[in-house]
Amino acid sequence: MKHTSVRVIPFGGFDIPGLESWLGECSAKGLRFTEAMGPMAFFERTAPHPVQVHLEPIQGPVEENQELNDIYEQSGWQYWGMFRGSFFVYASPDLEAQAYTDPESLDYALKKFFRQKLADGLLLLLANFLLLGLYWQGAPWEIDWQWLRYFPVESLSNGTIIPFLLAALGFLFLDLSYLLGLIHLLCYRKAVTHGVRPRGHRGMGWLLAVGVLLLLPVCINTLQIFSTLGYRPYDLEGSGFVTINDLEGADFPISPWRTLSMDYISHGGTLLKPEYWNFRQYGAYGQHETPNDVPHLELSIARYPLEILAEMRVDEWSRQYINGSGDYQILDAAYGLDEIRYAPREKQIHTNELTGETHTFLPGGIFVLRRGSTVLFADYYGEQNLLEYLPRFAATFDAL
Amino acid sequence: MPGRDKGGLTEPMYYVLMSFLHGEMCGIEITDFVSQKTAGRVRMGRGTLYTLLAKFQEEKLIEETQVDGRKRTYRITQKGREAFREELERLKSCVLDGEEELM
């Protein structure tokens, strides 16, 4: 049975002398290289073998070159695998074996390899622009810092700030690793033409490892956004959500417009954006009315990865006064809820000073409820006493 | 008219190009040829051979004729022959110059 071992590659991806000596050291410890993916190298556990390792820059299609393997094998080299699509890895038990006996050909191979990697660097640059561009709204110069200061949970869970920061930091490490790799390659080429064997630069591989670690969640998040995983709406029927008819009665007419009276639950969430549910329902309104003149209910629910974030979010909601809502009252926990906050809204009558016309604004109230790490915000406009329906709102949590 | 654009040929380059004068060759046949021809004096590293084949193809001194499973076969082009002839002339004049000075 083969035993696989994984190691973080401590040298930069283009640090040929460093990688060759490291893979040789690993073999002497009984770790035979099989493949490299990202910042990780995979090894097969064997008996310790001191070997001379050679990395052959791939000059054609990135696939195993059988003829080249035969040519190498003819002189005692054994093919071990491919290193990140950049090198073929060969090993020889002859510690003095040389794959290149002509400095000019090695110089040519390195020159070609350098150009190839320079072109690949442009693709990396393009990836920088695409990924950072996708989350541009989360850039520090786009953020409302005042809002972030007072509403950090709301701001940071908007799905752009954290991805942008992770992507920016990740690319910083990745680009630096790539750039230093190209510089090391140039230095190696220079050393080869001067007949000197340079030493590797241990530790540079960690730049790539950190970069990949930071970028990985952003990449998963992006895939979720562009797949059906990021947004997963479902039907209102059977959802268990509290509706305007639960509050106003089964006969209450609702707006025929789907945007105002949703027959579905808007639901989504990705790795870097907490799972959310949004729902609203408005009553049907007449020709001389606006949607705000009729009873309506808006629900916004979010499930945070940590309970403490949910607690903070409850505090954030409780600092917001919406359309004349009163102070939030903290009620005793009940119906399986951990926190209940309620802000009643009084009926308001505004008189236009010029025309003398009056306009009545509906009363209602706001619920901010929390169960565990899930926070429900409900904003109701209508004549009903919202507190009477608290059990129904609490039941909505069961359906999530 | 020079057959090769830049500089003279190194010894491995010279012998690899020479090997194609016998006809179509694959990688292993080339190393065997060089080894026999120079009685092991010229050591042909495998990386060197791989790179030279790619380089000669790029400079159109040789061309691939067929791919048979694991084996790729190449042949010399007119430009390659000219490059070899040119190098041969250069080496001959080097030898002559040296001999003249010795006498």
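We name chains A, B, ... by the order of the sequence lines, and we start the count at 1 in each one.
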Would A/Asp102 and B/Glu11 count as a side chain to side chain contact (heavy atoms under 4.5 Å, CB included) here? Give the steps. CA-CA 8 Å; A/Asp102 177 20; B/Glu11 207 168 21; over 6 Å; no
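If you take OG on A/Ser75 and CE on B/Met44, they are separated by 11.5 Å, rounding to the nearest 0.5 Å.
With sequence neighbours excluded, the residues forming a salt bridge (charged side-chain N to carboxylate O under 4.0 Å, His left out) with B/Arg72 are B/Glu64, listed by chain and number. A search for ring-ring contact (aromatic ring centres under 6.0 Å, His included) contacts involving A/Phe33 returns A/Phe83, not counting sequence neighbours.
Other residues, nucleotides and ligands contribute over 12 non-hydrogen atoms within 6.0 Å of the OH atom of A/Tyr108. Within 6.0 Å of the NZ atom in B/Lys60, the count of heavy atoms belonging to other residues, nucleotides or ligands does not exceed 12.
Heavy-atom neighbours of chain A within the stretch residues 35-43 of chain B, taken at a separation under 4.5 angstrom, comprise B/Arg43. Residues of residues 21-31 of chain B that come within less than 4.5 angstrom of chain A, heavy atom to heavy atom, are B/Cys26, B/Gly27, B/Ile28, B/Thr31 in numerical order.
With a threshold of 4.5 angstrom between heavy atoms, B/Glu58 approaches chain A through side-chain atoms but not through N, CA, C or O. A/Gln98 touches chain B through backbone and side chain together, each having a heavy atom under 4.5 Å away. Of the two parts of A/Tyr90, neither the backbone nor the side chain holds a non-hydrogen atom closer than 4.5 Å to a non-hydrogen atom of chain B. Using a 4.5 Å cut-off between heavy atoms, A/Leu68 touches chain B through its side chain atoms alone.
Checked by atom type, the side-chain pair B/Thr51/A/Tyr100 shows a donor-acceptor distance below 3.5 Å.
In terms of non-hydrogen atom pairs under 4.5 Å with chain A, the most contact-rich of B/Thr48, B/Leu49, B/Leu52 is B/Thr48.
Contact of the A/Glu56 side chain with the B/Arg46 side chain is not registered, since no non-hydrogen atoms from C-beta on lie closer than 4.5 Å.
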